[in-house]
**Student:** 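Here it is, the structure, as structure tokens.
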Amino acid sequence: MKKLNNDLRIGRSQKLYRKAKTLIPGGTMLLSKRPEMFLPEYWPSYYKKAKGITVWDLDGKQYTDMTEMGIGSCVLGYANDEVNRKVIEAVKNGSASTLNCPEEVELAEKLIELHTWAEMVRFARTGGESCAIAVRIGRAASGRDGVAFCGYHGWHDWYLSANLADNSNLDGMLLPGLKPKGVPRGLKGTALPFEYNRIDQLEKIIKENDIGVIIMEPLRDKGPENDFLKKVRALATKNNIVLIFDEVTSGFRKVLGGIHLDLGVDPDIAIFGKALGNGYAIGAVIGKRKVMDAAQSTFISSTFWTERIGPVAALAVLKIMKRDNVPAKIYAMGRYINSQWEKLSNKQDLNLHIGGISSLTHFDFDKDNLLKKTIITQEMLKKGYLAGNSVYVCTLHSKKVVDRYIEDLEDVMLMIKSAEKSGTLKKMLKGPVCMAKFKRLN
Ligand SMILES: Cc1ncc(COP(=O)(O)O)c(C=O)c1O
């Protein structure tokens, strides 16, 4: 029988997190997995098992995941049998050796088949390191240090240096929430941010600085306006700048490959991660030969970029995605979720603001957003969901699952509405309000 969390008791998971905070700075390795981002004090935090869209916590309580499915990494659901079969075979045959695994060559070919503008590929295992590789190659190819960026690109020095802006000798905060302490001050002014759809900002940056690389998420929250991406491409070409599209999150979410294929603009380099491995670690940097060749003029090398599980998983994922038309299906289901949220918003006069690529959809309230989001998480947890204000759609989010989730969400929205009317919204919450995500530029 399904074990619910309807009394919100502190269990083994929460106790383990308290211990973790004494042993691991920040408690977790990924900011987005900190319980404080969801429901401080009561979020289950740890899982014993995850299968499909069901997650079991350490007390055996069971939840349907209507949040971010492994922070965007599990498009085929958790522990997909077909992918796992291939991975287990690879483990049995040795996932590491003094020699290289042939699957990396096959995977390179498959990615180039999908992106006909690209000719060469390098592999890594995480999104952030793939971005660092791409930026290194871009700087090596252009021969210039300056980077203009738009979006989130990981934790490395080249990126965080943007927050070293020197205001009255304090570290400026262009991306609030990302602290740059420990990043060499000498990197100040080497990474400059521009906002999405603001071609004027990018033009100014290029005019006033020696920019060799533009790196950006081609699409995240809102679509390009006034040929924005085409103009970025033209600026890059005119000024001999390497244009990189970071598709770590947007890749395989609408079409098979980068979302840029749908937007009709080709970069010089594109980066993939997350969905490509369905929970197994793989990152890919694909690009034009004349740019990628610059990887040979610098040093980019790591032992575990050669292990076998990542490429084997990615090959299985690509096969399933193509056969089952996965990106189009999750995109359509995301649109359905949006339509149901919209209906709910109109019916209950909630004034929800819905945004994002449909398969990575989210909503916000225009008042008391974080408080209401935390209440949703608390009340949905009692009903057996991991839920907040965003859904990263996977293939197992069927219409039946979504309809049930919307029904349960409707009950919670009604509770919020009536508490708001009676001025008791804050009292609904058992613990503190969740933390805000850092502010994005796109
Ligand atoms: C666009 C983008 N780039 C890079 C990253 C960093 O990837 P990772 O967390 O695998 O290092 C992320 C992660 O959210 C991302 O969304």
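For reference, positions follow the sequence shown, starting with 1. Each ligand, and each atom within it, is numbered from 1 in the order the structure gives.
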**Student:** Report the part of Arg220 (side chain from C-beta onward, or backbone N, CA, C, O) that has a heavy atom under 4.0 Å from ligand 1; answer both or neither where that applies.
**Tutor:** side chain
**Student:** I need the atoms of ligand 1 closer than 4.0 Å to a non-hydrogen atom of Glu217, numbered in the order shown.
**Tutor:**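 Within the 4.0 Å cut-off of Glu217, ligand 1 contributes 1 (C).
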**Student:** Could you tell me whether the side chain of Arg233 and the main chain of Val265 form a donor-acceptor pair under 3.5 Å?
**Tutor:**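 Side chain of Arg233 to backbone of Val265: no pair is present.
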**Student:** Determine, using heavy atoms of Glu247 and all atoms of ligand 1, whether some pair is separated by less than 4.0 Å.
**Tutor:**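 Not so, Glu247 does not reach ligand 1.
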**Student:** Once you restrict to heavy atoms under 4.0 Å, what part of Tyr152 touches ligand 1? Side chain, backbone, both or neither.
**Tutor:** both
**Student:** Show me which atoms of ligand 1 lie under 4.0 Å from any heavy atom of Lys274.
**Tutor:**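 So the atoms of ligand 1 that pass are 13 (C), 14 (O).
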**Student:** Would Gly128 count as a polar contact of ligand 1, with the cut-off being nitrogen or oxygen pairs under 3.5 Å?
**Tutor:** yes
**Student:** Tyr405 and side chain to side chain contact (heavy atoms under 4.5 Å, CB included): which partner among His397, Lys383, Met380?
**Tutor:** Met380
**Student:** Could you verify whether a donor N or O on one side chain and an acceptor N or O on the other, from Tyr280 and Asn84, lie under 3.5 Å apart?
**Tutor:**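 Asn84 and Tyr280 do have a side-chain donor-acceptor pair below 3.5 Å.
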**Student:** Counting only nitrogen or oxygen atoms and a 3.5 angstrom limit, does Thr249 reach ligand 1?
**Tutor:**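 Yes, at least one N or O pair falls under 3.5 Å.
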**Student:** Can a salt bridge be assigned to the pair Lys207 and Glu203 using a cut-off of 4.0 Å between side-chain N and carboxylate O?
**Tutor:**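 A salt bridge is absent here (no side-chain N lies under 4.0 Å from a carboxylate O).
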**Student:** I'd like the name of whichever of Leu31, Ile71, Asp246 reaches closest to atom 3 (N) of ligand 1 through any heavy atom.
**Tutor:** Asp246
**Student:** Quick test: of every protein heavy atom, which one is nearest to atom 9 (O) of ligand 1, and how far off is it to 0.1 Å?
**Tutor:**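 For atom 9 (O) of ligand 1, the nearest protein heavy atom comes out as Leu30 CD1, 4.3 Å.
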**Student:** With a 6.0 Å cut-off (strictly less than), is the heavy-atom count around CH2 of Trp56, excluding the residue itself, greater than 12?
**Tutor:** yes
**Student:** Going by atom types only, do Asp221 and His362 share a side-chain donor-acceptor pair under 3.5 Å?
**Tutor:**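 Yes, because at least one side-chain N or O of Asp221 sits under 3.5 Å from a partner of the opposite role on His362.
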**Student:** Taking atom types as modelled, is there a side-chain donor on Gln14 or Ser45 under 3.5 Å from an acceptor on the other?
**Tutor:** no
**Student:** So which heavy atom in the protein is nearest atom 10 (O) of ligand 1, and how far is it from that ligand atom?
**Tutor:**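 Minimum-distance protein heavy atom for atom 10 (O) of ligand 1 reads Gly127 N, 2.9 Å.
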